[in-house]
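Per chain, numbering begins at 1; letters A, B, ... match sequence-line order.
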Amino acid sequence: MYDRGLLDRPADEVAPLLLGGLLSCRSPEGTVTLRLTEVEAYSGKGGDPGSHAHRGRTARNAVMFGPSGHLYTYFTYGMHVCANVVTGADGTAGGILFRAGEVIDGTDLARRRRTTSTTEADLARGPARLCVALGIELRDYGLDLFAPESRVTLSFPAVPTEAARIATGPRTGIAGEGAPIPWRFWLKDDPTVSPYRAHAPRRRSDPARS
DNA sequence: TTAAGGATTGACT
DNA sequence: GTCAATCCTTAAT
């Protein structure tokens with residue numbers, strides 16, 4: 001059985017251990033619980049320019065530098081919320097992004113929130129969709145995911161996931177100090193894992209271009 | 001104070 | 001396959 005002390009280790013070591021773990025969110029409407037099927041690690045230390053903590057501590061990412069096991073929420077692309085769990089010892093920056101999961105409880109509520117999804121596998125396939133399905137909001141920033149009274153809670157799987165069932169892959173656009181680091185971890189052949197996309201966000205409308 | 005850009009998604013061709 | 005929406009955070013005046 002795992003315990004939260006494991007979270008003090010570097011994000012890329014902890015990430016695969018979270019696969020199969022349960023993420024749960026309570027609200028007045030009900031509770032939604034899902035099984036994590038895809039995660040992505042962010043070290044925050046040199047070598048990961050993609051990390052929000054890469055440029056040092058700021059008001060937004062402060063929680064990433066604090067004690068592990070807390071929730072880091074952020075707003076992106078003007079309309080989406082994503083959620084991470086803070087990892088690494090107090091004082092070091094690190095986090096693991098919840099990218100996808102399989103809803104195992106509160107499916108009806110999740111489906112009501114995700115009106116655009118057609119299948120159950122789509123309910124939490126993608127980091128922003130996952131937050132919508134669970135009901136995680138920006139204001140949940142900093143919650144202790146391992147405190148029983150928290151609105152949002154996380155637990156490791158009761159039994160470690162076999163290494164043979166875990167797939168890893170690098171995130172595109174990351175220039176590490178040499179060899180690329182496998183930042184992403186997912187359960188092989190799971191239908192709820194988000195399809196791989198090379199990260200190439202579009203620029204906003206360019207007035208200079210006809 | 002202002003401007004640029006993003007750990008994405010959903011709609012459309 | 002391509003592209004727009006949208007607003008918060010950050011860096012630069």
Just the rounded figure in Å: distance from C1' of C:dT9 to NE2 of A:His54.
17 Å
Show the numbers, then the answer: is there a side chain to side chain donor-acceptor pair (under 3.5 Å) between A:Thr37 and A:Thr192?
CA-CA 7 Å; A:Thr37 58; A:Thr192 62; 3.0 Å; yes
Using only heavy-atom distances, decide whether a donor-acceptor pair under 3.5 angstrom links the side-chain of A:Tyr74 to the base of B:dA7.
yes
Give, for atom CD of A:Glu38 and atom CG of A:Asp190, the distance between the pair rounded to the nearest 0.5 Å.
9.5 Å
Rounded to whole Å, the CZ-P distance (A:Arg55 to B:dG6) equals 10 Å
Separation of A:Arg184 atom CZ from B:dT8 atom C1', in whole Å?
13 Å
Donor-acceptor under 3.5 Å (A:Arg99 side chain, A:Ala128 main chain)
no
Tell me the interatomic distance from A:Arg60, atom CZ, to B:dG6, atom P, rounded to whole angstroms.
11 Å
For A:Asn84 and B:dT8, give me the distance from atom CG to atom P, rounded to whole Å.
11 Å
For A:Tyr72, answer base if it contacts any base atom (sugar-phosphate contacts may also be present), sugar-phosphate if it contacts only those atoms, and nothing otherwise; contact means non-hydrogen atoms under 4.0 Å.
base
Between B:dG10 and A:Arg114, is there an OP1 or OP2 to side-chain N/O distance shorter than 4.0 Å?
yes
Measure CE/A:Met64 against P/C:dT10 and give the value in whole Å, please.
12 Å
Would you mind reading off the distance between A:Tyr77 atom OH and B:dG5 atom C1', rounded to a whole angstrom?
9 Å
Taking a pair to mean Watson-Crick or G-U wobble geometry with both distances below 3.5 Å, C:dT6 pairs with none
Aromatic ring of A:Phe75 stacked on base six-ring of C:dC8, 5.5 Å, 30°:
no
With nearest nucleotides of DNA chain C determined for A:Met79 and A:Leu138 from heavy-atom distances, which residue corresponds to the more 5′ nucleotide?
A:Met79
Please determine whether a side-chain nitrogen or oxygen atom of A:Thr116 lies at a distance below 4.0 Å from atom OP1 or OP2 of B:dG10.
yes
Can you say whether the rings of A:Tyr72 and A:Tyr141 are parallel (under 30°), tilted (30 to 60°) or perpendicular (over 60°)?
perpendicular
Please report, rounded to the nearest Å, how far the P atom of B:dA11 is from the NE2 atom of A:His80.
11 Å
Checking base pairs now: Watson-Crick or wobble, both atom distances under 3.5 Å. What partners C:dA11?
B:dT2
I want to check one thing: is the phosphate of C:dT10, taken as OP1 and OP2, less than 4.0 Å away from some side-chain N or O of A:Thr58?
yes
Measuring centre to centre across the rings, with the benzene-like ring taken for any Trp, is A:Tyr74 within less than 6.0 Å of A:His52?
yes
